Amino acid sequence: MNVPGGDAADVGSRAQASLRLDGVGMSFGAKEVLAGIDLEVSPGQFVALVGPSGAGKSTLLRLLNGSHRPTVGTVSVLGTDPTKCSRRELQRLRTRIGFVFQQFGLVGRLSAMENVLMGALGSLRLPRYGVSSYPQDLRRRAAGNLERVGLIDARFQRCDTLSGGQQQRVAIARTLMQDAEIVLADEPVASLDPSSSLSVLETLRRLSAEDGFTVVCSLHQVDLALAISDRIVAVRDGSLVLDTATSQTNESQIRSIYQRNGPAT
Ligand SMILES: Nc1ncnc2c1ncn2[C@@H]1O[C@H](COP(=O)(O)OP(=O)(O)O)[C@@H](O)[C@H]1O
Ligand SMILES: [Mg+2]
């Protein structure tokens, strides 16, 4: 762990729900984007968040990492309400949450290794320049994490010369440097072709199973959600319309939720 101070509250939170939303609603001005959201995610669970574009998936993920404050209701992340945190506490909480983006968020001109090392910056005092400026133990860990995502041979390659799937693997390896307890992924494979999408998600799933971190991953593709998750939560027009164990649902049920028209006006 790179977070100092494993106090009693931290230990207790492992046994609690990783994430919990109670009666959460979110509006931007007069526009209501989420309403009446109740959701509890257990440690280690892999949740696929599905729903059409504009349904509210990204907003939900931002509530879960404390970037948005709900208009109503309460949010609990690892036993902590991010809206009640000081800036410093929120920063500490965020080091326990990894975030994976659709567009990877890498520095293209830097090597895979350097990008992964940047995942440890939260635990270092100063910005670093070049691989050799990082302590040796971190360099070893970064190489180990690149190995775990299948990219050790590409460690010195500039990220902007890697394929999309490889870039997302680097981003996942970077997140591993945080030893995060939760990984939130916002459409991490939306820019990838179907076969690299599946293999990137399978990698994320394997790492979650090996390390025990919780994942909430928004996805457009129902088939991928069915292939990799423990649980599927569907959002439509700002409401949860399905919350089920993946083994208890199927493609046609989920599709019918996607395709149903919104309320007639
Ligand atoms: N910062 C914002 N200000 C105003 N409206 C927003 C903001 N963020 C998202 N929205 C609106 O909220 C709705 C849900 O957006 P989003 O959470 O991005 O959906 P999804 O990720 O499922 O595509 C959309 O109608 C979007 O335009
Ligand atoms: Mg989105």
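Source: prediction; values computed, not measured. Sequence positions, counted from 1, serve as the residue numbers for this chain. Below, all heavy atoms of this structure are taken into account, side chains as well, without hydrogens, waters or symmetry copies. Ligands are counted one by one from 1 in listed order, and the atoms in each one are counted from 1 as well.
At a threshold of 4.0 Å, the pair R231-D243 counts as salt-bridged, since one of the basic side-chain nitrogens sits closer than that to a carboxylate oxygen. One finds no salt bridge joining R255 and D223 here, because no Lys/Arg side-chain nitrogen approaches an Asp/Glu carboxylate oxygen to under 4.0 Å.
Between G56 and L34 the shortest heavy-atom distance is O-CD2, 3.8 Å.
Residue S53: no N/O/S atom is found under 2.8 Å from the Mg ion (ligand 2).
Looking at Q248 and T244, their side chains never bring a donor and an acceptor atom within 3.5 Å of each other.
Within the 3.5 Å criterion, the main-chain N or O of L204 finds no donor-acceptor partner in the side chain of S208.
For S111, there are no side-chain hydrogen bond (donor to acceptor under 3.5 Å, both in side chains) partners at least two apart in sequence or on another chain.
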Are there any protein N or O atoms under 3.5 Å from the N or O atoms of ligand 1? List them with distances, or say none.
residue	atom	partner	partner atom	Å
ligand 1	17 (O)	S58	N	3.4
ligand 1	17 (O)	T59	N	2.9
ligand 1	17 (O)	T59	OG1	2.6
ligand 1	19 (O)	G56	N	3.1
ligand 1	21 (O)	S58	N	2.9
ligand 1	21 (O)	S58	OG	2.9
ligand 1	22 (O)	A55	N	3.2
ligand 1	22 (O)	G56	N	3.0
ligand 1	22 (O)	K57	N	2.9
ligand 1	22 (O)	K57	NZ	2.8
ligand 1	23 (O)	G54	N	2.7
ligand 1	25 (O)	K31	NZ	2.9

